[in-house]
Amino acid sequence: MSLTLAAVGAVLAALLELTIVPYLRVGGAQPDLLLVFAVIWTMVVSFEGGLAWAFVGGLTTDLLGSSPIGVTSFSLLLSVGAAGLIGRFVTRARYVVPIAVVFLSSIATSLLAHVLYAALRGPVPVPDPFGLAVPGALYDMVIAAVLGPLAVGFHARYGEPERIDW
């Protein structure tokens with residue numbers, strides 16, 4: 001049920017990202033809801049669900065958007081993999097860690113997407129890709145600062161308790 005919920009949520013997040021999110025720009029920053037939800041799901045619920053968020057949501061974004069197929073999925077899968085590794089080793093500050101991981105993942109995903117897009121379609125005239133990625137990463141971090149602790153608290157209260165598998 002968790003993977004199905006993750007896949008449906010990823011499609012909905014991709015549709016929101018393509019329709020409503022471009023109108024939520026602040027300055028030059030636009031949030032990446034798919035990345036925020038995928039990283040938070042990976043850090044809070046499960047790694048497999050985060051992979052489902054990244055793969056299904058990335059493919060939906062690529063199919064309905066204008067980027068080459070697989071660019072968004074690949075960059076999101078790498079970010080979710082890094083988030084899964086970090087989440088495996090850091091268990092104490094579970095309210096704060098998803099916020100920092102979203103910030104770092106947002107920068108990495110944006111830069112990787114620029115590199116992949118340039119490799120597949122030709123160079124994109126961006127004078128400073130890092131300067132372009134940081135405002136969006138800050139916007140994603142603010143969203144994660146609101147949604148991350150809510151997801152951690154909700155999962156701690158209503159999530160399935162951990163137990164030993166025999």
Side-chain angles (χ1 to χ4, degrees), residues 1-22 24 29-91 94 97-122 124 129 132-133 136-137 139-152 154-155 158-160 162 165:
M1 179 66 183
S2 177
L3 291 177
T4 306
L5 185 63
V8 170
V11 170
L12 291 175
L15 289 174
L16 282 174
E17 192 166 321
L18 291 171
T19 56
I20 295 173
V21 169
L24 300 177
Q30 178 175 332
D32 189 358
L33 292 180
L34 195 56
L35 171 77
V36 173
F37 292 145
V39 169
I40 289 176
W41 192 282
T42 301
M43 302 284 293
V44 175
V45 181
S46 71
F47 180 68
E48 293 84 9
L51 289 175
W53 270 95
F55 185 70
V56 173
L59 280 182
T60 305
T61 302
D62 289 340
L63 287 172
L64 298 177
S66 62
S67 61
I69 294 178
V71 169
T72 307
S73 289
F74 182 70
S75 58
L76 284 174
L77 283 171
L78 290 179
S79 294
V80 165
L85 272 172
I86 293 170
R88 183 172 216 144
F89 293 115
V90 180
T91 57
R94 61 183 191 174
V97 172
I99 299 167
V101 171
V102 164
F103 178 73
L104 296 174
S105 296
S106 180
I107 291 175
T109 301
S110 177
L111 293 176
L112 183 61
H114 278 293
V115 168
L116 291 174
Y117 192 85
L120 293 173
R121 291 260 173 107
V124 180
L132 186 66
Y139 201 165
D140 293 341
M141 187 178 73
V142 169
I143 294 171
V146 173
L147 296 179
L150 288 173
V152 170
F154 186 80
H155 188 265
Y158 299 109
E160 188 174 311
E162 293 183 18
D165 288 336

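Along the sequence shown, residues are numbered consecutively beginning with 1. Side-chain atoms are counted along with the backbone in the values below, which use heavy atoms only and exclude waters and symmetry mates.
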Indicate yes or no: at least one non-hydrogen side-chain atom of Leu64 is less than 4.5 angstrom from one of Leu15.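 SC-SC contact between Leu64 and Leu15 confirmed.
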Less than 4.5 Å apart, any side-chain heavy atom of Ser110 and any of Leu132?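 In short, these two side chains do not touch, never coming nearer than 4.5 Å.
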Run the side-chain contact (heavy atoms from CB on, under 4.5 Å) test against Leu12 and tell me which residues pass, sequence neighbours left out.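 Counting only residues at least two positions away or on another chain, Leu12 forms a side-chain contact (heavy atoms from CB on, under 4.5 Å) with Val8.
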Return the minimal non-hydrogen interatomic distance between [X] and [Y], and the atom names on each side.
X	Y	result
Ser106	Asp140	OG-OD2, 2.7 Å
Pro68	Leu120	CB-CD1, 3.9 Å
Leu34	Ala13	CD1-CB, 3.9 Å
Leu24	Tyr139	O-OH, 2.8 Å

side-chain hydrogen bond (donor to acceptor under 3.5 Å, both in side chains) contacts in which one or both residues fall within residues 29-39, not counting sequence neighbours: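 Matches after skipping sequence neighbours: Arg25-Gln30.
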side-chain hydrogen bond (donor to acceptor under 3.5 Å, both in side chains) partners of residues 66-75, not counting sequence neighbours, each pair once: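 Qualifying pairs: Asp62-Ser67, Asp62-Thr72.
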For the backbone of Thr61 and the side chain of Glu17, can you confirm whether one donor and one acceptor N or O come within less than 3.5 Å of each other?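 Not at all, since once roles are kept as given, no pair shorter than 3.5 Å links the two residues.
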My understanding is that only residues two or more places apart in sequence, or in another chain, count here; which of them pass side-chain hydrogen bond (donor to acceptor under 3.5 Å, both in side chains) with Thr109?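 Once residues adjacent in sequence are excluded, the partners of Thr109 under the side-chain hydrogen bond (donor to acceptor under 3.5 Å, both in side chains) criterion are Ser79.
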Pairs of donor and acceptor atoms involving the side chains of residues 39-58, under 3.5 Å and at least two apart or interchain, shall be tabulated with distances.
| unit_1 | atom_1 | unit_2 | atom_2 | d |
| --- | --- | --- | --- | --- |
| Thr42 | OG1 | Ala38 | O | 2.7 |
| Ser46 | OG | Gly49 | N | 3.0 |

Which residues pass the ring pair (Phe, Tyr, Trp, His ring centres under 6.0 Å) test with Phe89, not counting sequence neighbours?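 Phe89 satisfies ring pair (Phe, Tyr, Trp, His ring centres under 6.0 Å) with no residue once adjacent residues are dropped.
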CG-CD1 distance between Leu63 and Ile69, expressed to the nearest 0.5 angstrom: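 Interatomic distance, Leu63 CG to Ile69 CD1, rounded to 0.5 Å: 4.5 Å.
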